[in-house]
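Values in this document were obtained by computation on a predicted structure and should not be read as measured data. Order of the sequence lines fixes the chain letters, A, B, ..., with proteins taken first and strands second; residue numbering starts at 1 for each chain.
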Amino acid sequence: MRMSQLVGRRVKEDPKDAVIPSHKFLIRGGYVRQVSAGIFSLLPIGKRIIAKIEAIIRDEMNKIDGQEIMMPVVLPAELWEESGRYESVGPELLRFKDRNGKRMILAMTHEEAVVHLIRTEVTSYKQLPVMVYQIQTKYRDEARARGGLIRVREFTMKDAYSFHTSQECLEEYYKEAHEAYVNVFRRIGMKNVLSIESNSGMMGGKVSHEFMAVSEFGEDTIFVSPDYTYRANREVAHADWKFEKEEPQELEKVHTPGKESIEEVSSFLGLKPENTGKAVFYKDHEGKLVFAMIRGDFEVNESKLSNFVQSAELEFADDELIRSVGAVPGFASPMSIDRDKVRIVIDRSIAESSNLVVGANEKDYHYKNFNYGRDLQDVEITDIATVREGDTCPVTGQPLKLERGIEVGNIFQLGTKYTETMNCHYLDENGKSQVPIMGCYGIGVGRSMASVIEQSHDDYGPIWPITIAPYEVQLCALNPKKDEIRELSEKLYKEMKSAGIDVLYDDRGEKAGFMFSDADLIGIPLRLVVSPKMLADGKVEFKRRGSRDGETWPVEEVMDKIKAEIAAEYEKFA
RNA sequence: CGGGGUAUAGCGCAGUCUGGCUAGCGCAUUUGGUUUGGGACCAAAGGGUCGCAGGUUCGAAUCCUGCUACCCCGACCA
């Protein structure tokens with residue numbers, strides 16, 4: 001490709017809206033352009049990167065016997081009504097009507113569509129297990145798009161779905177898919193990606209993993225042990241907390257005028273937050289009150305609580321609802337409240353500690369020396385605590401470290417949630433009707449591209465791994481008005497093209513600095529410069545992206561040497 | 001959805017408070033010339049419904065009302 005013809009200009013200044021490096025460079029380098037909030041066009045070099053990422057994904061999916069298909073973006077609402085998600089999913093599902101008034105949706109994921117397909121095409125145990133996948137557009141009407149390609153509304157996703165006759169078979173395939181994902185991210189040159197335990201929550205499965213590109217700009221918080229043996233999303237992370245019981249002392253009501261928060265109460269009484277119990281009230285999806293209690297120095301983990309009470313939409317309860325069960329906001333206690341109207345869930349930190357300060361359900365009063373077992377019985381006890389940096393790793397015993405991550409992929413053991421509700425069956429070897437067990441596997445393609453930039457750039461632009469770089473080699477002709485420069489550059493360009501090398505040829509005759517700055521923004525890993533100075537000695541300069549020092553190659557050796565360099569680059573990601 | 005901000009040429013911005021000549025600057029673009037190793041120089045040129053609608057006024061980018069879009073923080077996130 002000749003740079004003089006390339007669509008997509010480079011810009012010198014950072015776009016005012018961009019706050020993270022990948023967003024800045026994607027705009028400045030001419031990879032993408034925003035059309036609307038969270039909606040982007042891909043320009044030629046962006047599209048080439050995406051195509052290369054997709055090719056690697058395809059290769060790995062095909063290796064684990066995936067069969068590529070393509071399902072529609074627009075789906076009838078009735079398909080989503082079958083699974084129940086037409087109602088259960090919020091406004092991020094874009095609903096609309098066609099000209100006949102028929103209710104339609106823009107697919108944000110394809111479990112329904114794939115079950116619709118598989119239930120008619122796969123009817124015998126002999127056809128199982130089977131995996132189908134597609135690389136296709138998804139639309140999610142995000143409340144707030146952000147971070148360039150990190151959180152968008154329309155995006156390309158590879159989504160794969162597997163169907164099995166047994167849980168064992170699913171688990172075995174799940175391992176293969178996990179391995180394939182590791183290969184994908186290695187091959188696209190993502191330097192630091194972790195597979196972590198994640199929250200399958202309402203998706204219906206038991207086991208799931210997220211693949212996180214570690215980045216300070218990630219939206220997810222993850223906890224890892226120092227040796228990375230333990231890796232989990234904050235939503236599900238747990239720690240090896242140790243609590244100690246002391247001799248219970250007599251329950252004592254104390255006057256705490258106007259002291260509502262943990263900090264106020266504990267400092268007023270000359271105690272530490274860990275000597276108190278904190279009450280947090282939520283409203284579940286049916287509007288019922290959930291009373292969560294945790295030791296004062298912890299925070300309630302809403303994901304854990306939400307999973308435990310099987311309610312997808314927990315929200316903070318208002319004071320009116322709290323009072324309706326006999327509790328007093330700011331001075332609430334699980335004792336002496338209407339147990340029929342409220343579900344009480346207490347954290348282990350409460351059940352396994354002693355002599356805590358808790359509310360007295362009376363304005364301006366607390367109790368000292370609350371002890372679970374003596375002062376409260378028969379409530380649900382579980383782990384609803386949010387892990388803090390430095391808490392003890394449940395596996396290694398070491399202090400946990402906090403990282404931020406961009407979710408670039410996820411894999412779920414779904415079970416039969418969709419196959420069952422949508423009447424998907426096959427006949428087993430005994431001629432009996434069975435429901436297949438499902439797994440699903442996603443990769444965000446554009447988000448992966450952005451994540452590679454986050455992990456591989458310098459002040460001047462992205463540094464692409466050769467496996468996904470828009471071109472393998474950039475050829476720069478410095479001063480092509482000079483015949484010998486132009487002639488050699490054209491010759492090298494043609495030779496590389498016919499040798500099957502992806503080459504971007506800067507034939508514009510710009511000043512060196514201008515040309516190199518553009519080259520840095522395009523981030524091609526290998527660069528050849530034809531210049532009068534070098535050519536006087538019969539040499540051409542070779543540079544790697546990211547290094548300011550080059551080598552000089554004799555003109556007649558350029559083709560051999562560049563082929564060797566390209567091969568060596570690919571070797572790094574094999 | 002809550003809080004904050006922005007909207008003027010392709011991009012980045014000034015002008016708005018305090019209404020007043022033909023709306024300006026840098027970059028980019030086009031033409032001619034000089035240049036050519038890390039974002040050159042000279043000269044000329046093209047490019048604007050000042051987000052939209054309504055109002056006030058002799059006169060509105062500027063004041064008033066309503067709306068919309070976009071960005072940031074938060075909430076939400078199959």
Indicate whether any N or O donor in one side chain lies under 3.5 Å from an N or O acceptor in the other, for Y174(A) and H209(A).
-> yes
U16(B) to U8(B) separation - C1' atoms, rounded to the nearest Å | 11 Å
Salt-bridged, D506(A) to R2(A), with N to O below 4.0 Å?
-> no
Ionic contact status for D507(A) with R486(A), cut-off 4.0 Å | no
How would you label the contact of E315(A) with the nucleic acid (heavy atoms, under 4.0 Å): base, sugar-phosphate, or nothing?
-> nothing
With rounding to whole Å, what would you report as the distance between U57(B) and U65(B) at their C1' atoms?
-> 16 Å
Nucleic acid contacts of residues 146-156 of chain A, taken as heavy-atom distances under 4.0 Å to RNA chain B = R146(A), G147(A), R151(A)
Check whether any side-chain nitrogen or oxygen of S36(A) sits under 4.0 Å from OP1 or OP2 of C70(B), and answer yes or no.
-> yes
A37(A) near the nucleic acid: base, sugar-phosphate alone, or nothing, with a heavy-atom cut-off under 4.0 Å?
-> sugar-phosphate
Under 3.5 Å, is there an N or O donor on one side and an acceptor on the other linking the side chain of K481(A) and the base of U35(B)?
-> yes
Given that both distances must come in under 3.5 Å, which nucleotide forms a Watson-Crick or G-U wobble pair with G32(B)?
-> C42(B)
Going by an N to O cut-off under 4.0 Å, is there a salt bridge joining D220(A) and R404(A)?
-> no
Any side-chain donor-acceptor pair under 3.5 Å between S83(A) and T421(A)?
-> no
Measure from CD on E219(A) to P on C77(B) and round the result to the nearest Å.
-> 13 Å
Counting Watson-Crick and G-U wobble pairs only, both distances under 3.5 Å, name the nucleotide matched with G48(B), or none.
-> none
For the side chain of L478(A), starting at C-beta, report the closest nucleotide among C77(B), A28(B), G37(B).
-> G37(B)
Could you state the CG-C1' distance from D17(A) to C73(B), rounded to the nearest angstrom?
-> 15 Å
With a 3.5 Å cut-off and no angle check, do the side chains of D159(A) and Q134(A) form a donor-acceptor pair?
-> yes
Is there a Watson-Crick or G-U wobble partner for G20(B) with both distances under 3.5 Å, and which nucleotide is it?
-> C58(B)
Under 3.5 Å, side chain of R153(A) to main-chain N/O of Y139(A), donor-acceptor pair present?
-> no
How many Å lie between CD on E13(A) and C1' on A14(B), as a whole number?
-> 14 Å
Does a side-chain N-to-carboxylate-O contact under 4.0 Å join R58(A) and E68(A)?
-> yes
R486(A) CZ to U36(B) C1', straight-line distance once rounded to whole Å = 15 Å
Taking atom P in both C41(B) and U36(B), what distance in whole Å separates the two?
-> 14 Å
For this output row, return yes or no: ring centroids of F412(A) and Y441(A) closer than 6.0 angstrom.
-> no
Side-chain ion pair, E81(A) and R103(A), N-O less than 4.0 Å = yes
Spacing of I485(A) atom CD1 relative to U36(B) atom C1', expressed in whole Å = 11 Å
If we take the P atom in both A61(B) and G24(B), what is their distance in whole Å?
-> 13 Å
For A107(A), report the nucleic acid contact type (base, sugar-phosphate, nothing); a contact means any heavy atom under 4.0 Å.
-> nothing
Take the protein atom CD of E510(A) and the nucleotide atom C1' of G37(B), then report the distance between them rounded to whole Å.
-> 14 Å
In the strands shown, is G74(B) matched to any nucleotide by a Watson-Crick or G-U wobble pair with both distances under 3.5 Å, and which?
-> C1(B)
Whichever of M157(A) and G38(A) has its nearest RNA chain B nucleotide further upstream toward 5' = G38(A)
In a check of side-chain hydrogen bond (donor to acceptor under 3.5 Å, both in side chains) between Y418(A) and each of E112(A), E82(A), E111(A), R85(A), which one passes?
-> R85(A)
Euclidean distance for P, C25(B) against G74(B) (whole angstrom) | 40 Å
Given RNA chain B, 5'-ward residue of the pair E407(A) and K16(A), judged by closest heavy atom | K16(A)
Contacts under 3.5 Å, N or O only, protein and nucleotides 43-51 of chain B:
none

Inter-nucleotide P distance (A9(B), G26(B)), Å rounded = 16 Å
Please produce a list of atom pairs where a protein N or O lies less than 3.5 Å from an N or O of nucleotides 38-42 of chain B.
from, atom 1, to, atom 2, distance (Å)
G38(B), O4', G513(A), N, 3.4
G38(B), O6, K543(A), NZ, 3.3
G38(B), N1, D520(A), OD2, 3.1
G38(B), N2, D520(A), OD2, 2.2
G39(B), O2', K12(A), NZ, 2.7
G39(B), N1, D518(A), OD1, 3.3
G39(B), N2, D518(A), OD1, 3.4

Going by the angle between their ring planes, with limits at 30° and 60°, are F40(A) and H23(A) parallel, tilted or perpendicular?
-> perpendicular
Does C72(B) have OP1 or OP2 sitting under 4.0 Å from an N or O in the side chain of R144(A)?
-> yes
U68(B) pairs with which nucleotide, Watson-Crick or G-U wobble, both distances below 3.5 Å?
-> A7(B)
Expressed as a whole number of Å, how far does the C1' atom of U30(B) sit from that of G46(B)?
-> 7 Å
Is there a side-chain contact between F291(A) and R343(A), using heavy atoms and a 4.5 Å cut-off?
-> no
D220(A) CG to C76(B) P: how many Å, rounded?
-> 13 Å
Given atom CG of D483(A) and atom P of U36(B), what is their separation to the nearest angstrom?
-> 16 Å
Please measure how far the P atom in U34(B) lies from the corresponding atom in G38(B), and state the result in whole Å.
-> 22 Å
Student check: side-chain heavy atoms of V122(A) and F163(A) closer than 4.5 Å | no
